[in-house]
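Here is the structure we will look at, set down as structure tokens.
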Protein chains: 2
Amino acid sequence: MAPSPSPRRPAVGGTEKARAKAAGRRHRALGLDAIVDVALRLVDREGIDAVSMRRVAAEFDTGPASLYAYVANKEELLHHVLDRVIDEMAVPESDDWQELLRGYWHAARDTYARHNDVARLSFAHIPGGAKFLDLGERLLGAMIEGGVPVKVASWALDIMALYVAADVFEGWLFRQRYGDGLSEEEIGAEFVEKLTRQFAQITPAAYPYLTANREVMMSGSGDERFAFGLDMLIAGVAAQVPPRSRRTR
Amino acid sequence: MAPSPSPRRPAVGGTEKARAKAAGRRHRALGLDAIVDVALRLVDREGIDAVSMRRVAAEFDTGPASLYAYVANKEELLHHVLDRVIDEMAVPESDDWQELLRGYWHAARDTYARHNDVARLSFAHIPGGAKFLDLGERLLGAMIEGGVPVKVASWALDIMALYVAADVFEGWLFRQRYGDGLSEEEIGAEFVEKLTRQFAQITPAAYPYLTANREVMMSGSGDERFAFGLDMLIAGVAAQVPPRSRRTR
DNA sequence: ACCTGAACACCGTTCAAGT
DNA sequence: ACCTGAACACCGTTCAAGT
């Protein structure tokens with residue numbers, strides 16, 4: 001990556017710029033944005049656990065201690081990474097709040113999924129960026145204008161965010177454990193095989209419902225199952241919209 | 001804990017038993033159950049991240065390598081711990097499948113909550129114990145007998161399990177981050193304060209819905225919000241029960 | 001203020017050697 | 001088969017010392 005692999009030479013004094021020049025222009029200049037860049041790239045390539053202060057620092061040709069001028073600790077660094085990912089999200093345009101919710105959460109799920117297990121970081125985290133507030137304002141506004149009671153709307157948004165994060169994180173974990181470079185179908189097959197092995201140890205007499213419905217239980221792709229759950233939540237919210245709240249007052 | 005802190009003496013030969021006796025009867029005999037015992041106790045006291053092969057092994061006065069005769073790796077050990085916790089769960093008696101689901105998932109949530117962040121281990125994990133199958137059989141059976149289509153029943157159970165695990169894990173994380181020994185109210189207050197600080201940077205004109213509904217959005221305890229989401233999911237399932245499925249064939 | 005080498009107190013897992 | 005000390009290849013964070 002670096003054009004000149006010049007060996008480290010002792011600084012001979014002068015300004016910061018001069019020193020960097022003399023040292024052959026280090027890989028990258030330190031700074032919060034650059035640090036988060038590197039961490040996000042590591043997440044995208046290998047997942048959260050591949051991020052270590054040492055590996056990030058190495059990209060700047062220095063030791064881990066150098067990072068502590070920009071982040072208080074590793075947790076804070078990872079939350080900056082999450083905020084970056086959240087910046088990629090957007091609320092679609094729609095007059096129908098149900099359509100808007102469906103579109104948004106599917107897109108949010110896709111965004112998380114593009115960054116491995118980054119969704120895990122969203123548990124119990126209040127994002128720091130303004131984007132989070134923009135998204136909340138749009139979603140909450142659309143629901144309230146659609147007649148959803150405020151409490152129902154805000155609590156439901158929390159639950160949907162939790163559901164999406166948990167779904168993506170679990171999907172990533174499954175892929176890690178049951179076949180890595182495999183296709184969706186192959187992973188499904190391997191997964192079914194493991195469950196079937198467990199089922200094989202069971203007498204059908206003791207577990208009539210499980211044995212009789214094995215195939216249906218294991219049917220469906222991850223996408224289909226997610227959509228099913230999301231639609232159930234949206235329907236649950238819709239059921240709590242007061243009957244005649246069509247532009248009354 | 002150990003009654004006799006006898007110093008390690010070199011073995012002088014003889015049987016295993018004789019050696020143990022000569023060494024002053026070690027803390028505990030190695031074995032899968034004993035290892036899982038120790039790991040679960042660590043989880044209960046300090047959470048999952050406090051479990052290390054070294055700390056578990058130390059309880060047996062040995063090094064981490066000794067554990068690898070019983071578990072393939074740390075992940076497998078932790079999954080045994082989760083299976084132990086699942087063994088504490090039970091399905092209540094009820095003629096009404098909705099009541100049965102509500103009772104079960106609330107109890108499952110309480111069980112997880114008694115063991116710190118153990119729920120995190122349930123993501124993408126197929127429990128190995130027979131208890132898991134017992135629970136599944138009872139829940140699925142009750143739903144099917146109640147007229148819930150098989151696909152809806154089994155997919156919904158998956159989603160509810162994910163929701164419960166995510167809820168408990170997130171609750172634990174929140175408690176870790178915003179006040180540790182504090183009461184529910186104090187944590188709530190600290191949390192509201194942090195969010196309010198974030199809100200303070202915002203002009204009400206730009207975020208009319210968020211600012212106008214701040215109080216309602218932040219209302220409710222963790223228990224209330226969980227119950228709200230669970231009821232929404234149960235209602236979503238009930239809405240998919242065919243109209244006239246009251247004992248028809 | 002920013003930056004760093006070295007150290008501290010840990011990790012999971014492997015392996016040769018023992019019984 | 002079970003058990004172990006030692007080693008390997010890592011961790012996050014702190015701190016004294018530099019600029």
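Within every chain, numbering begins at 1; the chains are lettered A, B, ... in the order of the sequence lines, protein sequences first and strands thereafter.
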**Message:** Under a 4.0 Å threshold between the charged nitrogen and the carboxylate oxygen, would B:Arg177 count as salt-bridged to A:Glu75?
**Reply:** yes
**Asked** So, B:Asp134 and A:Tyr207: side-chain donor and acceptor under 3.5 Å apart, yes or no?
**Response** yes
**Request:** Mind checking B:Val51 for me? I need base, sugar-phosphate or nothing, with any heavy atom below 4.0 Å counting as a touch.
**Result:** sugar-phosphate
**Prompt:** Is there a Watson-Crick or G-U wobble partner for C:dG18 with both distances under 3.5 Å, and if so, which one is it?
**Reply:** D:dC2
**Item:** Residue whose closest nucleotide on DNA chain D lies nearer the 5' end, B:Leu67 versus B:Arg54
**Value:** B:Leu67
**Request:** Name the closest nucleotide to the B:Met53 side chain, picking from C:dC11, D:dT14, C:dT13.
**Result:** C:dT13
**Fill in**
Closest to the 5' end of DNA chain C, once A:Pro64 and A:Tyr70 are matched to their nearest nucleotides, is A:Tyr70
**Complete:** Between CG of B:Asn73 and P of C:dC11 the distance, given in whole Å, is 17 Å
**Prompt:** Could you state the CD-P distance from A:Glu75 to D:dC11, rounded to the nearest angstrom?
**Reply:** 19 Å
**Request:** State the pairing partner of D:dT13; accept Watson-Crick or G-U wobble contacts with both distances under 3.5 Å, and report none otherwise.
**Result:** C:dA7
**Asked** How close or far is atom P of C:dC3 from atom CZ of A:Phe60, stated in whole angstroms?
**Response** 10 Å
**Asked** To the nearest Å, how far apart are B:Asp61 CG and D:dC2 P?
**Response** 20 Å
**Request:** Decide, yes or no, whether a salt bridge links B:Asp117 with B:Arg175 under the criterion of side-chain N to carboxylate O below 4.0 Å.
**Result:** no
**Request:** Compare the minimum distances between each of C:dT13, D:dT4, D:dT14 and the side chain of A:Tyr68, then state the nucleotide with the smallest one.
**Result:** D:dT14
**Prompt:** Is the shortest side-chain N/O distance from A:Thr62 to OP1 or OP2 of C:dC3 below 4.0 Å?
**Reply:** no
**Asked** For A:Leu32 and C:dA1, what is the distance between atoms CG and P respectively, to the nearest whole Å?
**Response** 18 Å
**Request:** Please report, rounded to the nearest Å, how far the P atom of C:dA1 is from the CG atom of A:Leu30.
**Result:** 17 Å
**Message:** Counting the atoms with a prime plus P, OP1 and OP2 as sugar-phosphate, which does B:Ser66 contact under 4.0 Å by heavy atoms, base, sugar-phosphate, or nothing?
**Reply:** base
**Request:** Salt-bridge test for B:Lys131 and B:Glu88: reply yes if a basic N is under 4.0 Å from a carboxylate O, no otherwise.
**Result:** no
**Whole angstrom value for the distance that separates P of D:dG12 from CD of A:Glu76** = 15 Å
**Message:** What I want to find out is whether B:Arg28 reaches B:Asp37 closely enough, with some N-O distance under 4.0 Å, to be called a salt bridge.
**Reply:** no
**Message:** Nearest to the A:Ala65 side chain among C:dG12, D:dT13, C:dT4, which nucleotide is it?
**Reply:** C:dT4
**Message:** Rounding to an integer number of Å, can you tell me how far A:Glu59 CD sits from C:dC3 C1'?
**Reply:** 18 Å
